[in-house]
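Within every chain, numbering begins at 1; the chains are lettered A, B, ... in the order of the sequence lines, protein sequences first and strands thereafter. Owing to the predicted nature of the structure, the values given are computational and were not obtained by experimental measurement.
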2 protein chains.
Amino acid sequence: MVPDNAHSDRPATVHDVASRAGVSAQTVSRLVKGYEGIRPATRERVQTAIEELGYRPNRAARLLRTRRSNRIGALVHNMFERGPGQLLRGAASEARASGYSLNIVGIDGLDESSIDEALDLFEEEQVAGIFVVTLTEELRAVVQRRSSDIPIIVDPAESAGPIPTTGESGGRMAAQHLLALGHRRLGFLGGPREWLPSEQRKESFFIELLRGGATVVAEWPGDWTPEAGASAAQAFDPRSGITAIFAANDAMAIGLMHGLALRGIRVPAEVSVVGFDDIPEAAYVIPELTSVHPNFEDEGRNAINALLARIEQRPPSPIIHPGSELIVRGSTGPAPSA
Amino acid sequence: MVPDNAHSDRPATVHDVASRAGVSAQTVSRLVKGYEGIRPATRERVQTAIEELGYRPNRAARLLRTRRSNRIGALVHNMFERGPGQLLRGAASEARASGYSLNIVGIDGLDESSIDEALDLFEEEQVAGIFVVTLTEELRAVVQRRSSDIPIIVDPAESAGPIPTTGESGGRMAAQHLLALGHRRLGFLGGPREWLPSEQRKESFFIELLRGGATVVAEWPGDWTPEAGASAAQAFDPRSGITAIFAANDAMAIGLMHGLALRGIRVPAEVSVVGFDDIPEAAYVIPELTSVHPNFEDEGRNAINALLARIEQRPPSPIIHPGSELIVRGSTGPAPSA
DNA sequence: ATGGTTAATGTTATCGATGCCATTGGCTTG
DNA sequence: CAAGCCAATGGCATCGATAACATTAACCAT
């Protein structure tokens with residue numbers, strides 16, 4: 001199992017392999033890179049030498065010479081949320097499948113200097129491309145301001161082409177569901193205004209509602225946390241006639257339901273609640289939360305796909321449909337007949 | 001803001017800087033690395049040249065020459081759970097503070113080949129050290145089987161020295177709390193048996209209970225998901241006399257409470273429930289979940305600290321106390337007097 | 001002044017892989 | 001059989017930073 005290079009304390013190089021196989025370093029290099037025109041006999045000798053020595057190419061040397069790394073930088077703020085996490089998982093797996101590795105850098109703040117620092121790091125590490133997972137307006141602005149020749153994917157829409165993002169399809173599905181249940185006066189509990197995913201969910205929700213003849217009566221800006229949901233519940237005015245609320249993520253939805261319960265407002269009898277993310281806990285809160293189950297993993301795949309296409313200057317592979325799904329549970333019900 | 005190197009299409013090198021400043025490349029290199037003995041006048045000339053050219057050291061070249069990278073590999077399975085996520089955050093910030101960057105690699109499976117693949121990647125990237133975040137027995141075995149000269153931190157206890165891990169102190173605190181409430185017959189809802197953190201939480205919980213004269217009547221093995229909690233609720237035998245259950249994470253605790261509610265078993269009147277992780281949602285489920293709030297961030301810091309000490313062969317910095325805290329909420333109450 | 005120190009800086013070779021060009025040998029073609 | 005051609009392989013320079021060693025300058029003591 002362990003390669004027989006215990007005698008030398010330095011890892012084997014192309015030259016070691018070459019001299020062992022009786023060929024030149026160049027031939028070894030070619031074989032490693034998958035060059036076809038090598039005589040079978042030679043090929044085999046080199047192959048064995050590689051195995052015997054446990055040779056692995058030195059990435060630093062290769063990068064120095066070729067200037068092409070096979071690393072992709074992923075810039076993400078709240079990487080530990082369900083959504084970004086799944087995006088990353090999809091992205092990592094897609095990258096790996098194409099021989100790239102994903103370099104995840106989490107930033108704590110969304111201020112310019114944090115962002116710049118992360119991008120600087122990517123430049124120093126000479127990543128082949130950058131995938132910006134978290135999307136706020138500031139981030140987008142900072143990224144676009146830097147003129148760099150590293151390919152960057154900033155906008156999920158960019159990568160999905162004509163296909164709606166999870167936010168778009170999710171917002172629409174939430175609206176359709178609530179419309180079908182007869183709700184006509186609704187509220188929206190959003191993430192911070194400068195977060196694009198929140199805006200996406202909101203816009204598609206609004207548009208679909210308007211098309212169905214319903215009205216958005218109130219909108220509360222949140223910060224993705226359950227606390228924000230609880231505050232919204234306090235701010236909620238029962239006389240507004242709102243019978244359903246769409247929250248931009250489950251955490252806020254859960255906080256919201258908790259706050260409503262404290263005020264004696266029954267879910268779903270008086271107010272229906274729809275969340276977004278379908279976190280595992282959503283099915284186990286009381287009442288069980290109706291939620292949009294987004295396919296973030298495919299969204300991440302799409303993004304990397306588009307990014308790689310740009311890096312390697314080839315047309316993007318056929319796009320996978322992200323396909324969100326609405327999971328209907330106990331937190332939504334027919335609109336109370338006023 | 002943008003450095004004036006637009007005219008040349010290649011990024012500036014030490015030589016470019018050197019010739020611009022009228023010194024040798026070596027001097028530039030020394031300055032960049034923070035060498036002290038450079039005459040102020042020279043230093044300033046070089047400094048300006050660096051800024052004017054927007055020079056950044058080429059990491060690949062440096063790594064090739066020095067064989068010392070400033071990257072740390074972090075191997076993690078379920079990176080998107082709250083716990084590992086916070087460990088990573090702490091680890092990343094500690095690493096950054098010491099001039100290292102954290103290379104997070106998530107693996108999907110816990111089988112030998114996934115692990116090996118990830119470790120191979122680390123070796124090829126010549127990371128300075130490896131931090132194994134997720135800890136199962138298999139992982140530990142695979143890691144220890146590979147003889148590699150890269151420093152590795154596998155065991156959190158290793159990095160914390162004499163200080164109890166969050167799992168140890170958390171399990172103990174849960175036990176003390178329940179003992180104080182008069183509970184004497186208890187259950188434990190664990191993670192998979194081969195996960196060390198689960199075992200830690202369990203052991204410290206058990207030990208403290210025994211010391212307090214209580215008995216562990218039942219133990220359910222779970223898989224960290226709320227579903228596992230729900231199954232445990234089904235398996236729960238009301239005639240067992242169990243009045244309190246400690247779940248190894250909040251997700252399972254939430255599933256458990258949901259399952260108990262379905263069976264009409266009241267929490268905390270009949271059964272108290274304590275979780276672990278204190279996820280943001282914990283405070284907003286009904287009843288609000290009493291949970292151990294672990295200081296994973298500091299645990300991550302400690303680990304990186306210990307790792308860096310080993311890498312740089314210096315004594316570890318004073319250790320930060322992880323300090324878990326028990327957040328008491330509505331899911332725990334006095335034991336019902338039988 | 002002369003040798004001896006030390007501080008500041010310069011020279012050269014090297015890390016490992018690979019792009020570019022040169023070479024070799026076998027085979028086809030007229 | 002010579003000319004021509006292609007397939008397979010080798011030689012050399014290079015990517016950018018730095019370790020190791022060499023040099024210069026400046027200053028001191030004798």
**Q.** B/Asn295 versus B/Asp298, side-chain donor and acceptor atoms under 3.5 Å
**A.** yes
Side chain to side chain donor-acceptor pair (under 3.5 Å) pairs touching residues 71-88 of chain B, sequence neighbours excluded, are B/Arg71-B/Glu125, B/Asn78-B/Thr134
For B/Thr136, the side chain to side chain donor-acceptor pair (under 3.5 Å) test, sequence neighbours excluded, returns none
Whole-Å distance, A/Arg68 CZ to C/dT18 C1', equals 10 Å
Anything under 3.5 Å between a donor and an acceptor, one on a side chain of residues 29-37 of chain A, the other on a protein residue two or more places apart or in another chain? List them.
none

Quick tally for nucleotides 8-18 of chain D: nucleotides whose base has a protein heavy atom under 4.0 Å get B, sugar-phosphate-only ones S, the rest -, giving SBBB-BBBBBB
Q.
Quick one, B/Asp108 with A/Arg96, criterion salt bridge (charged side-chain N to carboxylate O under 4.0 Å, His left out). Give me CA distance, side-chain angles, the key distance, then yes/no.
A. CA-CA 12 Å; B/Asp108 289 337; A/Arg96 192 159 355 180; 5.2 Å; no
**Prompt:** Hey, is the main chain of A/Asp120 close enough, under 3.5 Å, to the side chain of B/Arg56 for a donor-acceptor pair?
**Reply:** yes
- Query: Quick one: do A/Glu112 and A/Arg145 make a salt bridge, cutoff under 4.0 Å?
  - Reply: yes
Looking only at heavy atoms, the pair that brings B/Asn58 and B/Ala61 closest together is OD1-N, 3.0 Å
Sorted by number, residues from residues 117-129 of chain B placing a heavy atom under 4.0 Å from DNA chain D are none
Double-helix bend of the helix from C/dA1-D/dT30 to C/dG30-D/dC1, axes at both ends from 5 pairs, round to 10°, gives 50°
Nearest heavy-atom approach of A/Pro294 to A/Thr166 is CB-CB, 3.9 Å
Are A/Ser114 and A/Asp111 linked by a side-chain donor-acceptor pair shorter than 3.5 Å?
yes
